[in-house]
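Since the structure comes first, as structure tokens, the remarks are kept for the end.
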Amino acid sequence: MKIQSIRGVKDILPDEIWKWQYIESVAHNIFPRYGFREIRLPIFEDTRLFSRSIGEATDIVEKEMYTFNDRGGDSITLRPEGTASVVRAYVQHKMCNPPSVLKMFYIGPMFRYERPQAGRLRQFNQIGVEAMGSPSPIVDVEVMTMLMEFFRELGLNNIKLEINSLGSQECRPRYRELLKAEIEKSLDQLCSNCKARYQRNPLRVLDCKVEQCGKVAVGLPKIIDHLDAASAEHFSEVRSLLDSASTPYSVNASLVRGLDYYNRTAFEVTSKNLGAQNAICGGGRYDTLVEELDGPSTPCFGFALGLERLVSLVPFNDMKNLQKYPDVFIVCLGEETKTTGFQIAHELRLKGFWVERDYEMGSMKSQMRKANKSQSRFSLILGENEIRSGKFVLKHMETGEQIECPVEELATEIAKLSADS
RNA sequence: GUGGGCGUAGCUCAGUCGGUAGAGCUCUGGAUUGUGGCUCCAGCGGUCGCGGGUUCAAAUCCCGUCGCUCACCCCA
């Protein structure tokens with residue numbers, strides 16, 4: 001039996017990889033402007049890191065982690081998200097240096113054992129950003145505006161920034177109990193799903209897709225009306241700073257995050273063009289996580305965005321300036337040209353050109369076909385005549401025009417003609 | 001974990017009432033001795049997901065199974 005890739009994982013093939021590289025290059029270009037530097041983290045960690053940070057009772061920890069014992073008997077987990085590892089590294093390497101804020105981003109694969117569907121894989125890639133060391137709403141808004149600038153640079157449209165406040169460790173549990181009590185009053189009107197989950201996850205009832213539940217939800221209390229004074233003040237500052245940056249957003253009072261460690265600001269960026277899994281990015285403030293992982297009190301703000309989902313949204317068709325195909329395809333005719341062809345390819349590559357060729361030394365026709373298929377901008381033809389005259393035929397594949405060119409002028413000629421077209 | 005849809009050539013798909021497979025694209029070669037794309041011609045390519053059953057006969061009907069996909073759930 002032929003071995004297939006594991007369910008829920010995907011190969012990124014050479015025809016597509018340029019999209020990923022492009023997105024990553026934009027991240028590498030924009031994030032440092034805001035002071036973020038890359039950190040590379042292991043993809044597996046001590047299982048306890050995730051159960052302690054994400055929350056024992058979350059779906060991720062309860063049923064979605066790839067957990068196994070290594071040969072030494074230790075429980076290892078393929079990371080289901082990146083923030084826990086960043087915090088672990090922050091604490092482990094004693095990176096705290098108050099009052100300065102440490103800003104980092106990471107790019108890499110995450111693993112969750114879920115049923116695959118549109119926009120959801122078992123191995124998927126995220127870009128994550130974490131700003132560690134300040135409770136200031138300026139940090140929240142700077143990170144969110146950086147994100148929106150990143151999306152703008154990538155040409156995304158039809159995306160929506162939604163924000164909410166989850167309050168503090170004090171006011172949130174209070175609100176939860178209030179909400180549960182209110183839900184119980186209309187329990188008979190809710191869908192079976194909500195009846196089953198409201199005890200465990202009452203916030204979910206607020207954005208249930210069933211119409212009946214939506215009607216009930218309208219009358220339920222909202223977290224932002226039950227914030228403690230400090231959280232309310234924080235949230236209002238976030239909003240006015242977003243306004244002052246002219247960043248469009250809306251408040252979604254039913255926005256919830258799936259990980260336990262979030263407090264105060266929570267946000268999501270969604271797109272209508274993604275299918276049911278419509279969030280391209282989610283994040284928020286997590287002021288107590290570092291302490292919970294035995295570090296110093298360090299309020300933080302961060303987000304993670306889904307690269308597969310982002311790749312599907314970026315309008316790559318409109319991008320003209322990205323090089324995807326070779327500059328030159330070298331066509332060699334006859335045994336005599338073997339060495340010269342090899343040398344010319346080598347020299348052009350040393351000068352930075354993308355050079356492709358045929359290795360079968362087939363007929364001119366078949367080599368030209370390959371040149372055409374490679375989508376090279378030029379073909380360079382060298383046969384016995386050219387070796388003798390010292391001038392090679394440089395053919396522009398799109399226009400069909402060809403010129404004779406001495407070997408020492410090839411590089412400048414190719415560069416010149418490329419710039420013209 | 002629960003539902004729906006789908007598995008036929010490398011890709012996209014047709015295949016009638018059951019009679020052991022077809023198109024387009026791709027690919028290879030030729031028409032054009034050293035010039036690609038367009039056109040024309042020829043050729044390569046399939047255990048019809050897999051296993052069982054019914055039948056003289058199964059891509060087609062039945063049962064099972066695996067895979068893909070979409071949705072619920074959940075989330076990036």
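All values below come from the heavy atoms of this structure, side chains included, with hydrogens, waters and symmetry mates left out. The structure presented is a predicted model; accordingly, all values stated were derived computationally and were not measured. In what follows, every chain begins at residue 1, and chains take the letters A, B, ... in the order their sequences are listed.
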So, OP1 or OP2 of rC68(B): does either fall under 4.0 Å of a side-chain N or O from R7(A)? yes
Check whether any side-chain N or O of Q126(A) sits under 4.0 Å from OP1 or OP2 of rA76(B), and answer yes or no. no
Given the P atoms of rG19(B) and rC72(B), what is the spacing between them in whole Å? 41 Å
Ranking rG29(B), rA71(B), rC73(B) by distance to the side chain of R369(A), first place goes to rG29(B)
Please determine whether a side-chain nitrogen or oxygen atom of Q4(A) lies at a distance below 4.0 Å from atom OP1 or OP2 of rG67(B). no
Closest of rC70(B), rC74(B), rG36(B) to the D59(A) side chain is rC74(B)
Does K63(A) or L121(A) map to a spot on RNA chain B nearer the 5' end, using the closest nucleotide for each? K63(A)
Expressed in whole Å, how much space separates the P atoms belonging to rU69(B) and rU12(B)? 12 Å
With a non-hydrogen cut-off below 4.0 angstrom, is G400(A) in contact with a base, only sugar-phosphate, or nothing? base
Test: E347(A) and R349(A) ion pair at under 4.0 Å: no
Looking at R120(A), I'd like to know whether one of its side-chain N or O atoms comes within less than 4.0 Å of OP1 or OP2 on rC70(B). no
Looking at E386(A) and G383(A), would you say the former's side chain and the latter's main chain have a donor-acceptor pair under 3.5 Å? yes
Separation of atom CZ in R115(A) from atom C1' in rU69(B), rounded to whole Å: 11 Å
So, does R257(A) use its side chain to make a donor-acceptor pair with the main chain of A266(A) at under 3.5 Å? no
Nearest-nucleotide wise, let me know which of Q402(A) and L305(A) is further upstream toward the 5' end of RNA chain B. Q402(A)
A371(A) near the nucleic acid: base, sugar-phosphate alone, or nothing, with a heavy-atom cut-off under 4.0 Å? nothing
Contact class for E386(A) vs. all strands (heavy atom < 4.0 Å): base, sugar-phosphate, or nothing? base
K370(A) side chain near rU35(B) phosphate (N/O to OP1/OP2, under 4.0 Å): no
Looking only at atom C1', what distance separates rC17(B) and rA71(B), rounded to whole Å? 36 Å
If the P atom of rC13(B) is compared with that of rA31(B), how far apart are they to the nearest Å? 36 Å
Considering only side-chain heavy atoms of K10(A), which listed nucleotide, rG37(B), rU35(B), rU69(B), is closest? rU69(B)
Quantified in whole Å, what is the P atom distance between nucleotide rC11(B) and nucleotide rG1(B)? 28 Å
Against F301(A), only a single residue in Y286(A), F267(A), F36(A) fulfils ring-ring contact (aromatic ring centres under 6.0 Å, His included); can you say which? F267(A)
When you compare rC27(B) with rA9(B), how far apart are their C1' atoms, in angstrom units rounded to a whole number? 12 Å
Are OP1 or OP2 of rU35(B) and a side-chain N or O of K365(A) less than 4.0 angstrom apart? no
Counting distance alone, no hydrogens or angles: does the base of rC73(B) have a donor or acceptor under 3.5 Å from a partner atom on the side chain of Q117(A)? yes
So, applying side chain to side chain contact (heavy atoms under 4.5 Å, CB included) with T247(A), which one of E149(A), M148(A), M144(A) is it? M148(A)
Distance between the P atoms of rG37(B) and rC25(B), in whole angstroms? 15 Å
With a non-hydrogen cut-off below 4.0 angstrom, is I381(A) in contact with a base, only sugar-phosphate, or nothing? base
Between rU55(B) and rG18(B), how many Å separate the two P atoms, rounded to a whole number? 16 Å
In Å and rounded to the nearest 0.5 Å, what is the CG to OG distance from L220(A) to S254(A)? 10.5 Å
